[in-house]
Every structure is written in structure tokens, then in C-alpha cells.
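Computation of the quantities below employed the complete heavy-atom set of this structure, encompassing side-chain atoms and omitting hydrogens, waters and symmetry-equivalent molecules.
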Amino acid sequence: MPKIELDGATLAYDDLGDGTPVVLLHAGIADRRMWGNQVDALARRHRVLNLDLRGYGESDLPERPFAHHDDVVGFLGALGIERATLVGCSFGGAVAIDTALAHPDRVAALALFGSAVSGYEWSDETNDLWDSLVGEVDDEDLDATAEAEVRFWVVGPGRKPADLDPTFLDFAREMDRRALAAEAALGSVAVRELDPPAIGRLAEIAVPVLVGAGAEDVPDICVLAELIAAQAPLATRLPDVPDAAHLLPLERPAPVNEALLAFLD
């Protein structure tokens with residue numbers, strides 16, 4: 001596993017394959033391990049850079065201000081890469097979009113799965129859905145919070161935990177528990193956000209965009225997928241993948257890999 005020093009932080013990543021560079025950006029409830037089923041498939045044709053964002057996974061978090069979208073560009077620069085396609089899921093999708101807006105000359109294309117968008121406020125419907133599915137959770141109890149987030153995001157509102165592979169859910173809980181610890185540490189560090197945020201700037205994205213979502217994800221994620229597809233000028237909207245929720249690339253790798261390879265080629 002290579003690591004790279006960037007603005008006082010040590011970032012962990014995987015670097016496999018040759019060809020046009022592709023950077024994988026993980027969900028906020030996960031780390032770079034969620035892309036395990038994509039790395040090998042993509043590396044047959046592309047150089048795949050699977051990054052743990054600052055503070056997540058095996059990347060550290062020094063106490064100095066930073067922006068995730070600046071880290072992505074700094075990471076590319078440190079590797080001597082001028083432009084890359086960014087592939088993001090959930091929060092990683094939001095980072096990918098922010099990077100394309102803040103540094104348009106460094107991004108060749110975007111592929112977004114269950115993507116968040118910076119500046120978007122969750123709807124009352126989604127907040128009510130959390131209350132009905134999960135209810136009150138002690139934020140300081142990371143195990144309980146991870147259990148709640150996996151129930152909400154990974155299982156999704158239309159399924160029950162018993163419907164899914166227990167091994168898949170255990171892995172999701174373990175990643176989420178680790179990510180929650182990272183987010184707790186992020187609370188003590190000044191994280192610079194894109195200003196103005198992406199939610200009002202999607203029409204500025206000037207590169208090809210692939211947009212996908214799981215059919216079992218929470219409603220706001222599908223709303224965002226439609227919004228990105230409608231406003232980004234060069235966007236292609238994939239059909240929602242059946243029987244998949246928020247960690248779509250991990251849960252249903254076959255259709256994701258097929259769509260990604262076709263898009264990248």
C-alpha cells in the first residue's frame with residue numbers, strides 16, 4: 001500500500017493498472033475498501049487510484065485547515081497526473097463534483113453513484129424516514145450509530161436487514177464504525193467547503209457525467225441523481241439498479257462495472 005505526503009497529511013491509496021487515470025472516492029460511511037470489486041475490473045484497462053480521503057481509512061488527519069476537493073487535486077499533482085476521471089459514491093460523489101467545479105482543468109469526467117451534492121439540505125421526508133426506521137440514537141455511541149446508519153443507508157427503507165447477506169452487512173458496519181470515528185475527529189479540524197456550494201452550480205460542470213443510483217436508496221438520493229442528470233450539460237442517467245441501496249458499487253458490482261467500463265472507454 002503506497003502512501004503520499006500532502007499538506008501535512010499522509011494519504012493512503014492503491015495504485016494499480018496502466019492507462020488513463022481513474023480516482024475512486026469512497027462514501028462517507030465507508031473507506032476505500034468499498035471499491036474492491038471495481039479496482040481489479042477497471043485496472044485491466046486504466047490506472048486506478050483508490051484513495052482514502054483525509055481522516056478516513058488509513059489516511060491521517062493533522063489539525064490544520066483543508067478541503068477534500070483540494071486534496072484530490074494535490075494528490076493528482078503529487079503523482080504527476082494532469083487530469084483524471086473521478087468516480088464517487090455518496091460523499092465521495094460530492095467531493096468529485098466539488099473538485100470538478102473548483103478545478104475544472106484537472107477533471108476529465110465524473111461517474112457518480114448515489115451521490116450527495118454539497119449545499120443540499122435533506123428533505124423533511126428523509127428526516128421523517130430516519131425517525132421511523134431508526135429513531136433516537138446516542139451520537140457518542142459509535143456502535144449504535146453505525147448500526148443505525150447501516151439500517152438506514154445500506155439496507156434502505158424498502159428492505160429489512162434479514163433480506164441481505166449478513167457478511168455484507170457486517171462489513172458495512174465495520175467500515176461505518178471506522179468512518180464515524182473519522183468524522184468525530186473531523187469535528188476538531190477546519191474543513192473548507194466549496195463556496196458557493198455545488199447545489200446551485202451543477203450546470204457549470206463541463207465534462208461528461210455518468211449518474212447512477214440504487215433503487216432501494218433513500219428518496220433524496222434519487223432526487224439528487226435526477227437533478228444532476230437534468231442540470232449537468234453532458235450527463236447520462238443510468239436506470240436505477242434493482243435491489244441495491246446506498247453502497248451500490250459494493251452491493252451490485254456487476255452492473256456498476258459494466259457501466260463504468262463502457263463510460264470510460
Side-chain angles (χ1 to χ4, degrees), residues 1-4 11-53 56-59 68-69 71-73 75-100 103 106-116 168 171-172 175 205 207-214 225 228 232 234-241 244-265:
M1 177 197 62
K3 292 188 175 184
I4 200 163
L11 303 185
Y13 65 102
D14 305 306
D15 186 349
L16 296 97
D18 295 303
T20 54
V22 179
V23 180
L24 306 179
L25 301 171
H26 58 79
I29 60 172
D31 52 55
R32 78 183 196 277
R33 290 176 294 167
M34 68 162 284
W35 297 109
N37 290 312
Q38 281 70 53
V39 170
D40 289 341
L42 297 179
R44 298 187 188 106
R45 307 183 194 176
H46 305 276
R47 182 181 181 184
V48 181
L49 301 160
N50 189 15
L51 175 66
D52 273 334
L53 293 167
Y56 290 88
E58 295 177 288
S59 295
H68 286 297
H69 53 272
D71 271 359
V72 173
V73 169
F75 173 69
L76 292 175
L79 295 175
I81 296 172
E82 289 295 324
R83 299 177 80 218
T85 293
L86 307 183
V87 180
C89 177
S90 184
F91 173 65
V95 172
I97 293 170
D98 286 355
T99 306
H103 306 280
R106 307 302 298 277
V107 177
L110 298 173
L112 309 170
F113 298 96
S115 184
F168 167 65
F171 182 43
M175 284 197 297
I205 300 174
V207 296
V209 182
L210 184 70
V211 187
I228 297 166
L234 301 177
T236 299
R237 175 75 161 97
L238 295 170
D240 289 343
V241 178
H246 202 50
L247 293 183
L248 170 59
L250 177 62
E251 187 174 8
R252 293 289 177 263
V256 169
N257 292 353
E258 181 181 3
L260 267 177
L261 286 168
F263 177 68
L264 292 169
D265 287 347

**Counterpart residues, side chain to side chain contact (heavy atoms under 4.5 Å, CB included), relative to Asp18 (two or more places apart)** = none
**Request:** Looking only at non-hydrogen atoms, find the nearest pair between Val72 and Leu25 and report the distance.
**Result:** CG2-CD2, 4.1 Å
**Complete:** Nearest heavy-atom approach of Gly214 to Leu248 is N-CD2, 3.9 Å
**Contact summary for His69 and His103, nearest pair of heavy atoms** = O-CD2, 3.9 Å
**Item:** Shortest non-hydrogen contact from Thr85 toward Ala108
**Value:** OG1-CB, 4.1 Å
**Fill in**
Sorted by chain and residue number, the side chain to side chain contact (heavy atoms under 4.5 Å, CB included) partners of Arg44 (sequence neighbours excluded) come out as Ala41
**Item:** Non-neighbouring partners of Phe113 that pass ring-ring contact (aromatic ring centres under 6.0 Å, His included), sequence neighbours left out
**Value:** none
**Item:** Qualifying residues under salt bridge (Lys or Arg N to Asp or Glu O under 4.0 Å), relative to Asp15, sequence neighbours excluded
**Value:** Arg47
**Item:** Asn257 (side chain) donor-acceptor with Asn37 (main chain) under 3.5 angstrom
**Value:** yes
**Asked** Excluding sequence neighbours, so at least two apart, what forms ring-ring contact (aromatic ring centres under 6.0 Å, His included) with Tyr13?
**Response** Phe75
**Message:** I'd like to check the side chain to side chain donor-acceptor pair (under 3.5 Å) partners of Thr20; sequence neighbours left out, ordered by chain and number.
**Reply:** His46
**Item:** Any residue meeting salt bridge (Lys or Arg N to Asp or Glu O under 4.0 Å) with Asp52, in chain and number order, not counting sequence neighbours
**Value:** Arg32
**Prompt:** Residues in side chain to side chain contact (heavy atoms under 4.5 Å, CB included) with Ala84, at least two apart?
**Reply:** Pro21, Val23, Leu76, Ile81
**Complete:** Between Phe263 and Pro208, the two heavy atoms sitting closest are CZ-O, 3.7 Å
**Under the salt bridge (Lys or Arg N to Asp or Glu O under 4.0 Å) test, residues paired with Asp240 that sit two or more places apart** = Arg237
**Fill in**
Here the side-chain hydrogen bond (donor to acceptor under 3.5 Å, both in side chains) pairs for residues 244-255, sequence neighbours left out, are Ser90-His246, Arg159-Glu251, Asp217-His246, Asp243-Arg252
**Request:** On the 0 to 90° scale, with breaks at 30° and 60°, tag the Phe91-His68 ring pair as parallel, tilted or perpendicular.
**Result:** perpendicular
**Request:** Give every residue pair that meets the salt bridge (charged side-chain N to carboxylate O under 4.0 Å, His left out) criterion with at least one member in residues 254-265, sequence neighbours excluded.
**Result:** Arg45-Asp265
**Fill in**
Residues Ser59 and Leu53: closest non-hydrogen pair is CB-O, 3.5 Å
